[in-house]
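Down below is the structure, laid out as C-alpha cells.
Bear in mind the structure is a predicted one, so any value in this text is a computation, not a measurement. One-based numbering along the sequence shown.
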Amino acid sequence: MAWRGHLSRNLKELRLHFCQTSPASGSAREFVLRNYKDLKTLNPTFPILIRECSGAEPQLWARYDVGVERLVRLKGLTEPQIVKKLEELVKAGEPKP
C-alpha cells in the first residue's frame, strides 16, 4: 500500500463529505475511523478535510494540479471499496512520463 504515502505527491487536497448520523454515510465514517490516522501520519502536511453535514451525501473529492477535481460518490460502497476508490484517485494523479 505504498500509494498511501503518495497522497501529498499526487494530490493537492482530499475532502470527504458525509452525514454524522445517516446510514448511507456509515461506510464513510468507518473509512475515516480506520484510515485517517495512517494517511495523516504518512502525509503530515497534506490537507485532508473532513466535512460533516446533516443529510449530506457521502462523497470523496480529490483536487489535483491546476484546480482539477474528481468526485467519487460513496453511497452504497463499503469501507474497503472506499479505500480502493481513493487508491484509484491517487494513482490517477501520478505524473505522466
Side-chain angles (χ1 to χ4, degrees):
M1 290 212 242
W3 64 267
R4 288 176 175 259
H6 293 231
L7 264 82
S8 56
R9 280 194 249 165
N10 298 355
L11 302 174
K12 295 297 179 194
E13 178 184 272
L14 183 68
R15 292 189 314 272
L16 284 112
H17 297 227
F18 55 87
C19 177
Q20 309 94 312
T21 57
S22 78
S25 292
S27 294
R29 291 190 303 270
E30 188 66 25
F31 170 82
V32 171
L33 289 172
R34 290 187 181 182
N35 296 281
Y36 179 83
K37 182 178 178 183
D38 183 43
L39 293 172
K40 202 58 181 173
T41 300
L42 293 170
N43 304 277
T45 61
F46 180 73
I48 301 175
L49 309 174
I50 310 298
R51 300 291 184 242
E52 297 178 309
C53 179
S54 182
E57 177 185 350
Q59 302 175 348
L60 179 64
W61 287 87
R63 187 166 56 87
Y64 301 93
D65 280 333
V66 198
V68 174
E69 293 189 337
R70 289 184 61 192
L71 162 69
V72 175
R73 299 191 191 282
L74 305 177
K75 186 174 181 179
L77 298 182
T78 64
E79 187 266 335
Q81 290 172 320
I82 294 172
V83 171
K84 185 66 178 164
K85 292 292 184 184
L86 175 57
E87 180 181 2
E88 291 169 8
L89 290 171
V90 171
K91 289 182 176 179
E94 289 179 347
K96 307 295 185 243

Side chains of [X] and [Y]: does their closest heavy-atom pair fall under 4.5 Å?
X: I50; Y: R29; value: no
X: N35; Y: L86; value: no
X: W3; Y: L42; value: no
X: Q59; Y: W61; value: yes
X: L74; Y: F31; value: no
X: L11; Y: Y64; value: yes

Practice item. Could you pull out the closest heavy-atom pair between S25 and P58, with the gap in Å? Key: OG-CD, 3.7 Å
Exercise for review: Identify the two heavy atoms, one from L89 and one from A62, that lie closest to each other, and give their separation to 0.1 Å.
Suggested key: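 So the two residues come closest at CD1-CB, 4.0 Å.
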Indicate, with yes or no, if [Y] and [X] share a hydrophobic cluster defined by side-chain heavy-atom contacts under 4.5 Å among Ile, Leu, Val, Met, Phe, Trp and Tyr.
X: V32; Y: L49; result: no
X: Y36; Y: L77; result: yes
X: V68; Y: L14; result: yes

Review point. Applying the side chain to side chain contact (heavy atoms under 4.5 Å, CB included) test to R4, which of T41, L39, N43 qualifies?
Key: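 The passing option is L39.
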Check your understanding: Do the charged groups of R73 and E57 touch, with an N to O distance under 4.0 Å?
Key ->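 Salt bridge flag = yes for E57 with R73.
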Point to revise | Charged N-O contact under 4.0 Å between K91 and E87 | key: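 Salt bridge present between K91 and E87.
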Practice item. Output yes when a side-chain donor or acceptor of S8 lies under 3.5 Å from a complementary backbone atom of F46, and no otherwise. Key: no
Practice item. Look up atom OG1 in T45 and atom NZ in K40, then write down how far apart they are to the nearest 0.5 Å. Key: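 The OG1 atom of T45 sits 7.0 Å away from the NZ atom of K40.
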Review point. Which distance, rounded to the nearest 0.5 Å, do you find between the NE2 of H17 and the CZ of R51?
Key: 7.0 Å
Exercise for review: Determine whether more than 12 heavy atoms belonging to other residues, nucleotides or ligands lie under 6.0 Å from atom NZ of K75.
Suggested key: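 No.
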